[in-house]
Number of protein chains: 2
Amino acid sequence: MAKGKLSTPPGHVNLRMLAEHLELSQTTVSLVLNNSPSAKSIPQETRDRVVEAANRLNYRPNYFARSLRQSRSMSVGVLAPDLSEGYFTRVMSGVVQELTGAHYFYFTACHDWKKDLIEKYPRMLVERAVDGFLLLNTPSDNIDVPVPVVAISAHSASENVTNIVLDHHQAVQQALTHLYSLGHRRIAFMRGPRAIPDSEFRWEAIQQVAQEINLKLDPALSIRIDSAGWSMKDGYHPMAPEIGYKPMQALLEKTRDFTAIFCFNDIAAVGAIRALRDSGLSVPGDISVVGFDDILSAAYYTPSLTTVRQPLMEMGKRGAQVLLERIANREAPLPPEIIMAPELVIRESTGPAPQ
Amino acid sequence: MAKGKLSTPPGHVNLRMLAEHLELSQTTVSLVLNNSPSAKSIPQETRDRVVEAANRLNYRPNYFARSLRQSRSMSVGVLAPDLSEGYFTRVMSGVVQELTGAHYFYFTACHDWKKDLIEKYPRMLVERAVDGFLLLNTPSDNIDVPVPVVAISAHSASENVTNIVLDHHQAVQQALTHLYSLGHRRIAFMRGPRAIPDSEFRWEAIQQVAQEINLKLDPALSIRIDSAGWSMKDGYHPMAPEIGYKPMQALLEKTRDFTAIFCFNDIAAVGAIRALRDSGLSVPGDISVVGFDDILSAAYYTPSLTTVRQPLMEMGKRGAQVLLERIANREAPLPPEIIMAPELVIRESTGPAPQ
DNA sequence: CCCTTTATATAAAACGTGTTACAACTCCAA
DNA sequence: TTGGAGTTGTAACACGTTTTATATAAAGGG
């Protein structure tokens, strides 16, 4: 017990103390602990001594000193609209797998679709010296940061941004041919909010596929989530089915001449179903409803949701992989856009079109 | 344009360059920019020159150097089981408000209820030099870190942890008197998973309140989320109503002699309702269901959920406030436990007990 | 015997701040 | 003249790493 200084718990032991204790120089200790290539010449015996002492004294290199020297933080910034379960959570489950495997942590910044925050957060995180950015579902055409950027579902046109996107054409094809084969011809569409990048690409795919399968698009049957007396500015709660309830209600007040509706996401679909039910219509008896995303509770609603599943976890994983590669090798050529495949999940909310 | 060095974009301008440009010492510049008390003697004219140049040259103090010197990171670690919308997202909306106001960012670490991660993450984040910890819904009795800790819904017994908890007695009282006044006498309970701290406290409150209102608790009507052929180890998806579906199913196979069930959370309630429906029972016609949390979609289910609302955002806000105070003043006395009030929200899933 | 190589290790610089102690200069009264 | 007090600043260190360049002794080659 009488080990002198060592028996008293060292507030924190740093490299200098460790070196003094070992009667070696800081250089030697540092080289050994970092497995530096120039440490090859150090004999095994010395290395063992160093490692053993580091463990015994519970040496932890100071994060700031190390980062200052190496100018990298081992952390990335994640920019997202919100912390929704429908999107954020599932993408992040993939992201986290990759990041922790590489000893990376992440800062989250939610911009809530506010323009100033979308511009401010990247700057603030650059000041925090993040090594890279992950953009989730966030418009990013003029992002200008000195580190690699990977965008998921952002369709960024920026020069140095790697895009990870869903194959919207395939997604829409699956949904519409499903409805078409059930006999639906008058199909309504609930488009996504203008702010969300996917909205535009989804809609373009809808127009294209409609033409391909010879389906007529009636402008009167096209509604938007961010209209009908509600907009993103009123405070967008990604998990509030209200976003689908109100537009659906508005459409029903104008016309009931349709037999199906394709919603921008599952939450909106839930709201839409509630609105239909409140109007005395049955789903799928009178109206079939298709959602998007396949959130975890989609199978448990009444009726359970037919929906297009996005491989969000895989998209997150892939995005993080690419980002880490680009961080590790800053000079590597920019990988091209990465396109992921959707999957239609058929449940109770769709059925044959009524006569 | 021919300004010499200044016309070429400075890769990054640091204090030395700024000082050279101003023909002042780094000390002076630093003192001015930090509004240091010992800068009182510096004349206003000089200060203005410094500030103006700093803005013009877009000077940003190096985060690592500054943190190394001041040994604080302006970031906190958030430890949570997962990124669920029911809990995490809502608490964090309050937390973020406070943190960003104080120029703090946060690292998120999800332990997925794995013992090793619950122990490892605090250590890893301490190495990252976080200035404090926020524990969400996470058992933390033996957390040992050199920085302040605030626990939300964790009921920690640790000496240096500030607890923020819901008033479970009041919550249970509201729910049970509601059911009781509707005529329910045989009430089933779906208890939370053993791993979640609230589970135990909720159950204790249930036993106490039952006694107070003279309600008999039948052990045969008490089921747990983490039993009935399903456990946390199978992979806990906080938004998967499956967690409520299976236990409900198991109970129904044994008995139907009850008229109401009080579920641990809304997600479980959704699963339970689905199981009841799949067994040919109607909600609330045959069975009334009460949830907990009041998640955003609770009002949009069919039937919409009667539930006990937790003021999660407020709890997050309060927790972050306390944490920031404790960080700013490390010697201040530990504030006592903070108790928040719940609110019963009555919707469609509860009704009069059948005869 | 001299010169090079190898093995083992180290001193010192660098990263960019914040801060402590002190220097020069002026003014003013004793 | 001198000493004290204010004014306006600066030199130098500390924070804890990583890395570059270098030192010393022993071994080996001619």
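Residue numbers begin at 1 in each chain, while the letters A, B, ... track the order of the sequences. Here the structure is a predicted model, which means the values were calculated and not measured. Hydrogens, waters and symmetry mates are skipped; everything else that's a heavy atom, side chains included, is used.
Toward the 5′ end of DNA chain C lies the nearest nucleotide of B:Leu68, the other residue of the pair B:Leu68 and B:Leu31 mapping further downstream.
Residue B:Tyr59 is in sugar-phosphate contact alone, with no base atom involved, counting any heavy-atom pair closer than 4.0 Å across all strands shown. Looking at heavy-atom distances under 4.0 Å, A:Thr46 makes contact with sugar-phosphate atoms alone, never a base. Contacts of A:Ser67 with the nucleic acid, taken as non-hydrogen atoms under 4.0 Å apart, are absent. Among the heavy atoms of the strands lying under 4.0 Å from A:Arg60 are primed sugar atoms or P, OP1, OP2 only; no base atom is included. A:Leu15 comes within 4.0 angstrom of a nucleotide base, judged by non-hydrogen atoms across all strands.
At the phosphate of D:dA11, neither OP1 nor OP2 sits under 4.0 Å from any side-chain N or O atom of B:Ser25. OP1 or OP2 of C:dG16 has not a single side-chain nitrogen or oxygen of B:Arg66 nearer than 4.0 Å. For the pair B:Thr28 and D:dT10, the criterion of a side-chain N or O lying under 4.0 Å from OP1 or OP2 is met. A close approach under 4.0 Å does not occur between any side-chain nitrogen or oxygen of A:Asn62 and OP1 or OP2 of D:dT17. When the side-chain nitrogen and oxygen atoms of B:Ser30 are compared with OP1 and OP2 of C:dG18, one or more of them lie within a distance under 4.0 Å.
Interatomic distance, CZ of A:Arg60 versus CD of B:Glu127, reported as 4.5 Å (0.5 Å rounding).
As a whole-Å value, the separation of B:Gln44 CD from D:dT8 P is 12 Å. Atom CD1 in A:Ile42 sits roughly 13 Å away from atom P in D:dT19 (whole-Å rounding). To the nearest angstrom, C1' of C:dT17 lies 15 Å from CE of B:Met74. Atom P of nucleotide D:dA14 and atom CG of A:Asn14 are separated by 13 Å, given to the nearest angstrom. Atom CZ in A:Arg49 sits roughly 13 Å away from atom P in C:dT8 (whole-Å rounding). Distance CG (A:Leu33) to C1' (D:dT17): 12 Å, rounded to an integer number of Å. In this structure, A:Phe64 places its CZ atom 13 Å from C1' of C:dT17, rounding to the nearest Å. Taking atom NZ of A:Lys40 as the reference point, atom P of C:dT6 lies 13 Å away to the nearest angstrom.
The side chain of B:Pro43 lies closest to D:dT8, out of C:dT10, D:dG16, D:dT8. Candidate nucleotides C:dT17, D:dT17, D:dT18 were compared by shortest atom distance to the side chain of B:Arg69, and C:dT17 ranks first.
Under 3.5 Å, the side chains of A:Arg326 and A:Thr162 contain a donor-acceptor pair of N or O atoms.
Taking the side chain as every heavy atom from C-beta outward, B:Asp131 and B:Val147 never approach each other to under 4.5 Å. Under the 4.5 Å side-chain criterion, counting only non-hydrogen atoms from C-beta, B:Phe107 is not in contact with B:Val76.
Side-chain atoms of A:Ser36 stay outside donor-acceptor range of the base of D:dT18, with no qualifying N/O pair under 3.5 Å.
Taking each heavy atom of A:Tyr59 and A:Val13 in turn, the nearest pair found is CD1-O, 3.4 Å.
Counting heavy-atom neighbours within 6.0 Å of A:Gln44 CD, excluding the residue itself, gives a total above 12.
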